[in-house]
Amino acid sequence: MKIVRCIRSLNPAHGGPLESVTQSTLVLQRRGHEVEIATLDAPGVHVFPAPVHALGPVRGSYGYITRHVPWLTANRASFG
């Protein structure tokens with residue numbers, strides 16, 4: 001199965017959620033799943049054990065960008 005995981009940021013300074021997504025992604029990959037990450041980070045170099053789609057950067061503190069929902073809608077057939 002091909003899975004997309006969504007997380008606000010892959011920045012290690014944000015702590016817990018990143019570690020959870022990293023560890024569970026590794027488990028899913030060992031079980032044969034393809035995993036990709038959609039993040040609200042700005043495009044750039046991301047060190048992560050799966051392909052990363054950086055859709056940001058976000059403006060403000062709410063973690064909302066206009067590209068997130070259209071990207072998910074356009075790519076939903078790729079995952080599932």
Side-chain angles (χ1 to χ4, degrees):
M1 176 183 293
K2 192 169 179 183
I3 301 167
V4 63
R5 319 261 337 258
C6 299
I7 186 168
R8 187 185 197 297
S9 178
L10 292 178
N11 183 341
H14 296 140
L18 172 60
E19 186 62 22
S20 173
V21 170
T22 301
Q23 295 303 317
S24 57
T25 294
L26 293 170
V27 169
L28 289 167
Q29 288 173 330
R30 282 194 301 269
R31 292 182 179 181
H33 300 288
E34 292 180 54
V35 181
E36 296 184 16
I37 306 298
T39 179
L40 304 183
D41 289 331
V45 178
H46 291 91
V47 178
F48 198 79
V52 174
H53 303 279
L55 305 172
V58 297
R59 301 202 192 289
S61 61
Y62 290 108
Y64 175 78
I65 57 169
T66 58
R67 284 178 273 181
H68 190 227
V69 172
W71 185 89
L72 287 171
T73 301
N75 291 282
R76 70 179 170 218
S78 300
F79 302 98

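Keep in mind it's a predicted model, so treat the numbers as computed, not measured.
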For the residue pair Gly56 and Pro43, what are the closest heavy atoms and their distance?
O-CD, 3.3 Å

Steps toward side chain to side chain contact (heavy atoms under 4.5 Å, CB included) verdict (Val4, Asn75):
CA-CA 10 Å; Val4 63; Asn75 291 282; over 6 Å; no

How long is the span from the OG1 atom in Thr22 to the CD1 atom in Ile7, to the nearest 0.5 Å?
7.0 Å

Spacing of OG1 belonging to Thr39 relative to NE2 belonging to His46, to within rounding of 0.5 Å:
5.5 Å

Quick check for you: to the nearest 0.5 Å, what is the distance between Leu72 atom CG and Arg67 atom CZ?
13.0 Å

By the side chain to side chain donor-acceptor pair (under 3.5 Å) test, which pairs, at least two apart or in different chains, include something from residues 23-33?
Arg5-Ser24, Arg5-Thr25, Glu19-Gln23

Is it the case that one hydrophobic cluster holds both Met1 and Val21, taking links as side-chain heavy atoms less than 4.5 Å apart, direct or via other members?
yes

Would you say that Leu18 contacts Pro12 through its side chain, given a criterion of any heavy-atom pair below 4.5 Å between the two side chains?
yes

My understanding is that only residues two or more places apart in sequence, or in another chain, count here; which of them pass ring pair (Phe, Tyr, Trp, His ring centres under 6.0 Å) with His53?
Trp71

Table please: side-chain donor-acceptor pairs of residues 57-65 below 3.5 Å, with sequence neighbours left out.
none

Working to the nearest 0.5 angstrom, can you tell me the gap between Ile37 CD1 and Leu10 CG?
6.5 Å

What pair of heavy atoms forms the shortest contact from His68 to Cys6, and how long is it?
NE2-SG, 3.9 Å

First locate atom CG of Leu55, then atom OG1 of Thr66, and finally report the distance between them rounded to the nearest 0.5 Å.
10.0 Å

